[in-house]
Amino acid sequence: MSARVPVTPIDAADIAAYDYETDVLVVGYGCAGAAAALDAEAAGAQVILLERQSGGGGSSALSGGEMYLGGSTPIQQACGFDDTAEDMEKFLLAALGPDADREKVGRYSRDSVAHYEWLVGHGVPFKPSLWDSPTWVPPTDDGLMWMGENAYPFHEIATPAPRGHRVTSDGFGGKVLMAVLSEAVAKTGIDVHTDTGALRLIVDGNRVVGVVARHFQQTVTYRARRGVVLTTGGFADNAEMLAQHAPQLVGLGVNSDGGDDGRGIVIAQAVGAAVKHMSAGQVGISLVPGMMVRGMIVNDVGQRFINEDVYPGLVGQAALFKHNLRVWVILDEQAYEEVPVDERWGVQPHFVAETLQELEREIGMPEGALQNTVGEYNRFAERAEDPYFHKSARWLRPLRPPFAAIDVRRGMAPPEYGDGGTSGGGAEVFTIGGLRTSVDGHVLDLDGEQIPGLFAAGRATSGLHSWGYISGTSLGDGTFFGRRAGAAAAGG
């Protein structure tokens, strides 16, 4: 976003004539925009969908393709799991908190099976098979995976069930999801205007009635008779906004299509919109979960700080926000060899040593740091116990020489995130804060009141989350609340 392009709204009285008119105008053609357009059109509205790139997809198309769904979906049942909306809600409130949006989490959980049916009804494929070990993205086409529901402390909060529904694909599922949703859009009367980026909102009094956009070098105006829906993504590609709101994310690799510039957020702020949790971000740390869970992760003074079998995104957040990514995966030869080659993503140890004392010197840790940590770990692992962090007994055994260390700042980018390469110092991030919205996608002002005519969904909003994150709660949140925002906008 350029500072030279104003964000202040334009008075409708200053628009002599509109280039286009519609009932609902959706801005942004990722998963949230596609879902909003489909359900607005299904509600009887005329819809125009704007996309500033030359085609739909956005960051959604680059994702691993996980959808967080539960409450006993057909996929869960086929894999032998009975789940409830209540357990799903309890887990999400704990994992996405503190201050996760209770109303949104409750609605999302209760309507999860119905949302699964909506996705499948539009042709989104899910395979009824389970991937049963920690990973970013399974190397198979299995359609169900754990997202840390069976790890401490979550298994004590809610009955565990795997809820990571992965769109069937021979690679990343996000491209399949967007291909299916785009095909569904193409079968409707929705008009898609590509190479068209929103610049400013148009207001009539306190009501949003349209958008000023740019199509190549031409300024175009759109009137929305019922509502404008912003599904423009987050702001991880905007260095100025990151520095202002989320400085710990500055300088890291970005998980996006390059267009998460926050424009939709700031043009909404310009008409009085409130924002929420703008400092929050998801951190895709550069490690292989299968290696970490068989060993341990420690900070730069050799201390463990989390149970290694938890969802790896939560490990990444703890590593960045509490330890500035100065963390190491410590493992032994058996742990490394137990991870199949196709799950290693090319990662090799940075240091190998016959003794922990040697490994400490190689890393530059205080003398005795790793010796004490591994000694305590091994003492309890002999009894399949972890009183410090409560890692599951499934992954507990004493670590034996030779030992190895992996510096996450020099590792690969998690395969869920982008193209597998990063220049961002060991992690790829995206923002999870944004516009404050109601459960129906109404954008709220600083008084908590709805801004007439303005709706939003997806990463442009705060959504389900506060500071926590679980894979599948971007595509799931975006499509679910995109649908609600589109339907609400169609109702005027």
Side-chain angles (χ1 to χ4, degrees), residues 133-136 148 150-156 283-339 344 347-412 414 425-427:
S133 64
T135 187
W136 291 108
N150 53 354
Y152 179 87
F154 306 110
H155 65 67
E156 295 185 351
V283 183
I285 192 172
S286 298
L287 54 76
V288 176
M291 294 181 187
M292 175 180 66
V293 76
R294 290 172 171 85
M296 64 175 64
I297 189 164
V298 300
N299 60 21
D300 61 353
V301 291
Q303 299 167 327
R304 292 174 72 206
F305 54 89
I306 197 169
N307 51 313
E308 294 85 359
D309 56 342
V310 78
Y311 168 68
L314 298 182
V315 178
Q317 288 178 318
L320 174 62
F321 297 130
K322 296 182 180 180
H323 302 283
N324 198 31
L325 288 181
R326 297 181 63 85
V327 300
W328 297 79
V329 174
I330 307 297
L331 69 166
D332 62 8
E333 186 174 18
Q334 179 181 337
Y336 184 83
E337 293 296 334
E338 283 181 356
V339 179
R344 295 179 193 168
V347 170
Q348 296 182 342
H350 297 109
F351 298 109
V352 177
E354 287 296 327
T355 69
L356 291 168
Q357 187 176 26
E358 292 175 47
L359 197 61
E360 290 167 349
R361 286 198 298 266
E362 293 280 1
I363 297 172
M365 287 182 177
E367 183 180 356
L370 273 183
Q371 296 174 66
N372 291 335
T373 295
V374 175
E376 277 293 276
Y377 181 89
N378 284 355
R379 182 163 71 92
F380 287 102
E382 292 277 10
R383 307 198 296 263
E385 297 176 1
D386 178 18
Y388 290 93
F389 294 98
H390 311 286
K391 183 161 70 173
S392 169
R394 174 183 177 185
W395 305 109
L396 289 170
R397 63 163 184 81
L399 302 180
R400 305 298 186 196
F403 301 99
I406 299 169
D407 183 350
V408 305
R409 292 166 295 172
R410 296 162 59 187
M412 37 63 81

Donor-acceptor under 3.5 Å ([X] side chain, [Y] main chain):
X	Y	value
E360	G368	yes
W395	M292	no
D300	R326	no
E308	I297	yes
N307	Y152	yes

- Message: Taking E376 first and then R379, would you say they form a salt bridge - that is, a charged N and a carboxylate O separated by under 4.0 Å?
- Response: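 Between R379 and E376 there is a salt bridge, with a charged N closer than 4.0 Å to a carboxylate O.
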- Task: Look at the rings of W328 and F351 and say which category their plane angle falls in: under 30° parallel, 30 to 60° tilted, over 60° perpendicular.
- Result: tilted
- Do the rings of F305 and H323 sit parallel, tilted or perpendicular, given the 30° and 60° boundaries? tilted
[X] side, atom [atom1]; [Y] side, atom [atom2] - distance, nearest 0.5 Å:
X	Y	atom1	atom2	result
Q371	L356	CD	CG	6.0 Å
T355	L370	OG1	CG	10.5 Å
T373	I330	OG1	CD1	9.0 Å
N372	Q303	CG	CD	10.0 Å
R400	E333	CZ	CD	14.5 Å

- Residues M365, V298; criterion side chain to side chain contact (heavy atoms under 4.5 Å, CB included); working and verdict: CA-CA 11 Å; M365 287 182 177; V298 300; 3.7 Å; yes
Least distance between heavy atoms, [X] atom then [Y] atom:
X	Y	answer
P312	T135	CG-O, 4.2 Å
L399	M296	CD1-CE, 4.0 Å
V408	L325	CG2-O, 3.6 Å
V283	A427	CG1-CB, 3.8 Å
R397	D332	NH2-OD1, 2.7 Å
V339	R344	O-NE, 2.8 Å

- Would a 4.5 Å heavy-atom cut-off, applied to side chains only, mark V327 and I285 as touching? yes
- Query: Any side-chain heavy atom of M291 sitting closer than 4.5 Å to one from P349?
  - Reply: no
- Task: Would you sort out whether Y388 and F380 count as a side chain to side chain contact (heavy atoms under 4.5 Å, CB included), showing the intermediate values?
- Result: CA-CA 10 Å; Y388 290 93; F380 287 102; 4.0 Å; yes
- Query: Given Y377, which of E382, K391, R304 fulfils the side chain to side chain donor-acceptor pair (under 3.5 Å) condition?
  - Reply: K391
- Evaluation steps, side chain to side chain contact (heavy atoms under 4.5 Å, CB included), between L331 and I406: CA-CA 9 Å; L331 69 166; I406 299 169; 4.0 Å; yes
